[in-house]
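I have placed the structure first, in the form of structure tokens, so that the comments after it can refer back to it.
Just so it is clear, the structure is predicted and the values come from calculations on it, not from any experiment. All ligand and atom numbering here is 1-based and tracks the order in the structure.
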Amino acid sequence: MEITMHFFFNLSLIMIILFFALVWSGKNKNFSISRWSSLFWCSVLLWSCFQFSYHPTPSISMDLRELPVLIGGLYLGIGPMLSIIVIVIRGFYGLDSGFFSNIALYLPLAFFFWRIYPWFWKQRPYRRVVFSISLGLVLSLLTLACLEFMNLNINRFDAYFAYLVVPPLGITMISVTSEFVIRTFHLQNKLIKSGKLEVVEQMGAAISHEIRNPLTAAKGFVQLLLEDPKTTTKHIDYLSIISQELDLAEQVIKDYLTFSKPSLEKVEPIHVMEELTLIVKMLKPTSNQYSVDIITQLEKAGYLVGDRQKFQQCFFNVIKNGIESMPRGGQLSIKTKSDQRNLTIIVKDNGVGMTKEQLDRLGEPYYSTKGSKGTGLGMMVVYSIVRAMNGIIRVQSEVGVGTTFRFIFPSK
Ligand code: ADP
Ligand code: MG
């Protein structure tokens, strides 16, 4: 059982190196692993496989090199580069028949990994694990077929056992652990986010109430001064600026109050089509300013139960963001769909889009990419209103292509 022994030794080395890679990437604050460091760690893994290969004949080397390529290709998106590295390292061991069969296997694999990586990440964790193991098995079978073809003088049982047991075992261990780490990381992020929200909620409630009353008083007196015939034109200019700024402050406080009191004050039937049409009308000046066409496709029969004003505020914020994401004009579509269980509202723009990091931070208090023009409170309010209405939000976004928001509410 020479081959099996070599493979198990290979596997233990891989696990040891992966352990160090894990500890090392865990030191980063957000547990991220850059492309260069993943390349580095996978190259170390490959090198360790080659270094301890089993050689039945000088031109044949048997080892677990497929394992780092597979894991790196599927989980880290560096499959094409790793395939090239395998070919290059194998080249150093001699340009023999083994080298050419590696080219024949790893060049198509490079292409395969390049195409499969985006698809792979759209799958559920369980399916990712199953897919990784199946791919490992296919690769093992391919290698075994090659060995049969070469008709080598090796212990057949040993070879079959080594190729059909050790790689799938290794892949299972690594992919299940990776999924576990990914899940823990997401959970941790969620916790941090909800902790932050809680603080803002409490502060917001306390401060907004205190500020709203003096603000209303100040606005009243500004109005009085504006109406006073003795006020000079110069002072009227100043007073108008004060009045505008007070309005802005009021809007911020309104967002804050909605956010810290997500419970619905009034529960009434909301006619979705009517409300959305009204919001589009309110935003007409903004959409004209940005040369954005708004296309609506609304079902007549859609009803929801909740607070009408908050529903308006929520979709006002979402649609306004959509318009603002298209500074050079574009198209914004609003659609509703309903079945017996859910009512879905889809808001789609073809604006600037968001990166993955931006998407992760969406809904965080004060998160805005609009500089002094943005408050970073709009989406936070959207999330809290939708949560209060028992709805969920799904966002898909691609930089330069656009963003689609899907709001799914229970029908009853
Ligand atoms: P603000 O609009 O004041 O910046 P929001 O909370 O409304 O704050 O939005 C937060 C951030 O989310 C925006 O600054 C923007 O970067 C991003 N965003 C929201 N909606 C979209 C969208 N439809 N397209 C692109 N980016 C968006
Ligand atoms: Mg906004």
Side-chain angles (χ1 to χ4, degrees), residues 189 192-194 196-201 203-204 208 244-245 247-262 276 279-280 282-296 309-336 344-388 391-408:
N189 262 359
I192 294 175
K193 216 171 173 174
S194 71
K196 260 191 201 168
L197 287 184
E198 209 172 299
V199 173
V200 177
E201 241 168 69
M203 289 246 308
S208 308
Q244 273 170 24
E245 297 293 318
D247 280 343
L248 201 73
E250 207 174 26
Q251 181 60 41
V252 171
I253 284 178
K254 193 174 155 204
D255 273 348
Y256 241 138
L257 277 176
T258 314
F259 177 70
S260 52
K261 250 196 300 174
L276 288 176
I279 296 165
V280 170
M282 290 197 290
L283 280 166
K284 198 84 204 153
T286 322
S287 64
N288 283 344
Q289 187 194 337
Y290 282 80
S291 350
V292 167
D293 282 330
I294 300 185
I295 297 167
T296 51
Q309 264 199 339
K310 286 188 175 163
F311 180 85
Q312 274 183 11
Q313 194 181 357
C314 169
F315 283 92
F316 183 90
N317 286 349
V318 173
I319 296 170
K320 186 159 173 271
N321 278 342
I323 295 173
E324 286 169 346
S325 77
M326 298 182 276
R328 267 177 265 123
Q331 217 174 52
L332 185 116
S333 80
I334 309 168
K335 238 194 250 178
T336 60
T344 311
I345 302 174
I346 305 165
V347 180
K348 184 175 176 195
D349 65 61
N350 48 14
V352 291
M354 283 174 270
T355 61
K356 202 181 161 297
E357 284 75 30
Q358 287 174 333
L359 258 182
D360 282 342
R361 296 196 57 187
L362 196 66
E364 231 176 64
Y366 307 120
Y367 173 67
S368 174
T369 53
K370 294 173 192 163
S372 59
K373 273 194 195 156
T375 60
L377 294 176
M379 284 311 293
M380 173 182 96
V381 169
V382 169
Y383 274 92
S384 73
I385 294 176
V386 173
R387 192 162 12 117
I392 51 171
I393 306 180
R394 297 231 170 91
V395 196
Q396 278 173 329
S397 190
E398 203 173 314
V399 174
V401 178
T403 310
T404 307
F405 282 90
R406 268 195 184 74
F407 299 85
I408 305 169

Location of contacts on [X] toward ligand 1, heavy atoms closer than 4.0 Å:
X	answer
Met379	both
Asn317	neither
Val318	neither
Ser368	both
Thr403	side chain

Query raised in the report: For ligand 1, is there an N or O atom under 3.5 Å from any N or O atom of Gly376?
Result: yes
Query raised in the report: At what distance, to the nearest 0.5 angstrom, does CD of Gln331 lie from OG of Ser287?
Result: 12.5 Å
Query raised in the report: How many angstroms lie between atom CD1 of Ile345 and atom CD1 of Ile408, to the nearest 0.5 angstrom?
Result: 10.5 Å
State the atoms of ligand 1, each with its element, that fall below the 4.0 Å cut-off from a heavy-atom position in [X].
X	result
Gly374	3 (O), 4 (O)
Gly322	23 (N)
Gly378	5 (P), 6 (O), 7 (O)
Tyr367	10 (C), 11 (C)
Ser325	22 (C), 24 (N), 25 (C)

**Report entry** Any Gly351 heavy atom less than 4.0 Å to ligand 1
**Finding:**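 The answer is no: ligand 1 sits nowhere under 4.0 Å from a heavy atom of Gly351.
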Query raised in the report: Would you say Gln358 contacts ligand 1, with heavy atoms under 4.0 Å as the rule?
Result: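 The answer is no: ligand 1 sits nowhere under 4.0 Å from a heavy atom of Gln358.
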For [atom], find the nearest protein heavy atom and state the residue, atom name and distance (0.1 Å precision).
atom	answer
atom 20 (N) of ligand 1	Asn321 CB, 3.4 Å
atom 14 (O) of ligand 1	Thr369 N, 2.8 Å
atom 2 (O) of ligand 1	Lys370 NZ, 2.7 Å
atom 23 (N) of ligand 1	Asp349 OD2, 2.8 Å
atom 3 (O) of ligand 1	Thr375 N, 2.7 Å
atom 12 (O) of ligand 1	Leu362 CD1, 3.2 Å

Under 4.5 Å between any side-chain heavy atoms of [X] and [Y], yes or no?
X	Y	result
Ile295	Ile334	no
Met380	Glu364	no
Leu332	Asp293	no
Tyr383	Leu362	yes

Query raised in the report: Of Met354, Gln358, Lys348, Gln396, which meets side-chain contact (heavy atoms from CB on, under 4.5 Å) against Thr403?
Result: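 Among the candidates, only Met354 passes.
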Query raised in the report: When you measure from atom 17 (C) of ligand 1 to each heavy atom in Met354, Lys348, Met380, Glu324, which option holds the nearest one?
Result: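 Looking at heavy atoms only, the winner is Met354.
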Report task. Examine Thr375 and say whether one of its N/O/S atoms is closer to the Mg ion (ligand 2) than 2.8 Å. Result ->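 Not a single backbone or side-chain N, O or S atom of Thr375 is under 2.8 Å from the Mg ion (ligand 2).
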Closest heavy-atom contact between [X] and [Y]?
X	Y	result
Ile385	Cys314	CD1-CB, 3.9 Å
Asn321	Met379	ND2-SD, 3.5 Å
Asp349	Met326	CB-CE, 3.7 Å
Ile323	Thr286	CG2-O, 4.0 Å

Query - SB check Lys320 Glu324 (cutoff 4.0 Å) - result: yes
Query raised in the report: Once the angle between the rings of Phe311 and Phe315 is folded into 0 to 90°, is it parallel (under 30°), tilted (30 to 60°) or perpendicular (over 60°)?
Result: tilted
